[in-house]
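Heads up, the thing below is written out as structure tokens.
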Amino acid sequence: FLSASTFAVLGHLAVTNTGLSVLTGNLGCFTAASITGFPPGVVTGVIHSGDATAIQANTDATLAYNALVALPGATILTGDLGSRTLNAGLYKYTSSAVLTGTLILDAQGNPAAQWVFQIGSSLTTASASSVVIINGGSAGNVFWQIGSSATIGTTTAFQGTIVAQTS
């Protein structure tokens with residue numbers, strides 16, 4: 001999965017930005033000429049559109065997606081992710097998930113704490129929402145497996161790696 005790890009955003013069919021997003025890392029898409037909205041969005045890495053790097057990263061992201069889907073034993077969640085505090089673990093929404101407000105991920109002093117979210121269809125965050133990691137956790141240990149698409153609202157501060165099947 002290493003080739004995908006350098007990407008802040010990696011899409012299969014398309015990547016669309018509608019605001020002043022700042023991406024720290026590479027931006028890529030499997031298909032050529034399907035990245036829009038940069039600028040005004042800013043990318044601190046390299047943009048890969050349909051090149052060998054994007055294709056390999058997409059292959060690795062697919063492997064990661066399948067590995068995340070296969071994880072057993074998730075705690076089923078319903079309702080808004082906002083205003084929750086979750087300890088490390090595996091969490092699942094059988095359909096769509098929304099984040100309005102703040103989701104706190106509490107590592108409880110364990111720097112290796114990991115969170116995996118399995119979301120059956122879509123993830124949508126409201127504007128100005130946030131994912132906050134406390135007590136020693138790392139954004140590199142947060143994974144969002146999304147069955148279809150993720151839509152991140154304006155001025156949202158998001159943590160973790162989104163691996164979405166569609167967009």
Side-chain angles (χ1 to χ4, degrees), residues 1-19 21-30 57-167:
F1 313 130
L2 291 177
S3 69
S5 68
T6 64
F7 285 82
V9 174
L10 175 64
H12 183 76
L13 296 176
V15 175
T16 304
N17 177 63
T18 58
S21 300
V22 177
L23 303 180
T24 304
N26 294 333
L27 166 63
C29 192
F30 179 79
N58 189 277
T59 298
D60 288 350
T62 299
L63 292 171
Y65 179 89
N66 291 335
L68 292 169
V69 167
L71 293 173
T75 299
I76 303 297
L77 296 176
T78 59
D80 199 318
L81 280 162
S83 301
R84 292 182 191 235
T85 298
L86 298 175
N87 296 333
L90 176 61
Y91 299 96
K92 182 174 187 168
Y93 279 85
T94 57
S95 60
S96 62
V98 296
L99 171 60
T100 305
T102 301
L103 168 63
I104 297 173
L105 304 178
D106 188 349
Q108 299 180 307
N110 179 1
Q114 187 175 68
W115 297 264
V116 174
F117 295 89
Q118 297 170 325
I119 300 173
S121 58
S122 63
L123 170 67
T124 303
T125 73
S127 295
S129 295
S130 61
V131 176
V132 177
I133 302 168
I134 62 171
N135 295 324
S138 166
N141 289 336
V142 180
F143 301 93
W144 303 83
Q145 174 266 310
I146 316 282
S148 61
S149 61
T151 303
I152 308 301
T154 58
T155 68
T156 292
F158 199 84
Q159 301 280 341
T161 301
I162 296 173
V163 186
Q165 189 169 27
T166 305
S167 62

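Position 1 is the first residue of the sequence, and the numbers go up from there.
- To the nearest 0.5 Å, atom CG of residue Leu27 and atom CG of residue Asn17 are 9.0 Å apart.
- Nearest heavy atoms, Leu10 versus Cys29: CD1-N, 4.2 Å.
- Considering every non-hydrogen atom in both Ala8 and Thr24, the closest pair reads CB-O, 3.5 Å.
- Exactly one of Leu81, Thr124, Asp80 qualifies for a side chain to side chain contact (heavy atoms under 4.5 Å, CB included) with Thr100. That residue is Asp80.
- Using a 4.5 Å cut-off on side-chain heavy atoms (C-beta onward), Gln108 and Asn87 make contact.
- In this structure, the side chain of Ser129 engages the main chain of Leu99 through a donor-acceptor pair within 3.5 Å.
- Of the N and O atoms on the side chains of Ser130 and Thr102, at least one donor lies less than 3.5 Å from an acceptor on the other residue.
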Mind running side-chain contact (heavy atoms from CB on, under 4.5 Å) on Gln145 and Ile119 for me, showing each step along the way?
CA-CA 6 Å; Gln145 174 266 310; Ile119 300 173; over 6 Å; no

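- Every residue two or more places apart in sequence or in another chain was checked for a ring pair (Phe, Tyr, Trp, His ring centres under 6.0 Å) with Phe143, and none qualifies.
- For the pairing with Ser3, the side chain to side chain donor-acceptor pair (under 3.5 Å) check across Asp60, Thr59, Asn58 returns one residue only, Asp60.
- The closest donor-acceptor contact from the side chain of Ser122 to the backbone of Ser149 lies at 3.5 Å or more, if one exists at all.
- Thr154 and Ser127 are linked by a side-chain donor-acceptor pair at a separation below 3.5 angstrom, with hydrogens and angles left out of the test.
- Using a 3.5 Å distance cut-off with no hydrogens or angles, the side chains of Tyr93 and Gln118 do not pair a donor with an acceptor.
- Side-chain atoms of Thr156 do not come within 3.5 Å of backbone N or O of Phe158 as any donor-acceptor pair.
- Applying the ring-ring contact (aromatic ring centres under 6.0 Å, His included) test to every pair with at least one member in residues 99-118, sequence neighbours left out, gives these pairs: Tyr91-Phe117, Phe117-Trp144.
- Counting all heavy atoms, side chain and backbone alike, Ser148 lies closest to Ala164 at O-CB, 3.6 Å.
- Of the residues listed (Thr75, Asp106, Leu103), the one engaging Leu86 in a side chain to side chain contact (heavy atoms under 4.5 Å, CB included) is Leu103, and it is the only one.
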Would you please test Leu71 and Val116 for side-chain contact (heavy atoms from CB on, under 4.5 Å) and show each step?
CA-CA 9 Å; Leu71 293 173; Val116 174; 4.0 Å; yes

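- Side-chain contact between Thr151 and Thr125 is absent, with no heavy atoms from C-beta onward closer than 4.5 Å.
- Across all their heavy atoms, Ala139 and Gln159 have their closest contact at CB-OE1, 3.0 Å.
- Partner of Leu105 under the side chain to side chain contact (heavy atoms under 4.5 Å, CB included) criterion, chosen from Val142, Ile134, Thr85, Asn135: Val142.
- Closest heavy-atom contact between Ala57 and Ala4: O-CB, 3.6 Å.
- Nearest heavy-atom pair across Lys92 and Ala74 is CB-CB, 3.6 Å.
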Given Ile152 and Ile162, is the side-chain contact (heavy atoms from CB on, under 4.5 Å) satisfied, shown in steps?
CA-CA 11 Å; Ile152 308 301; Ile162 296 173; 3.9 Å; yes

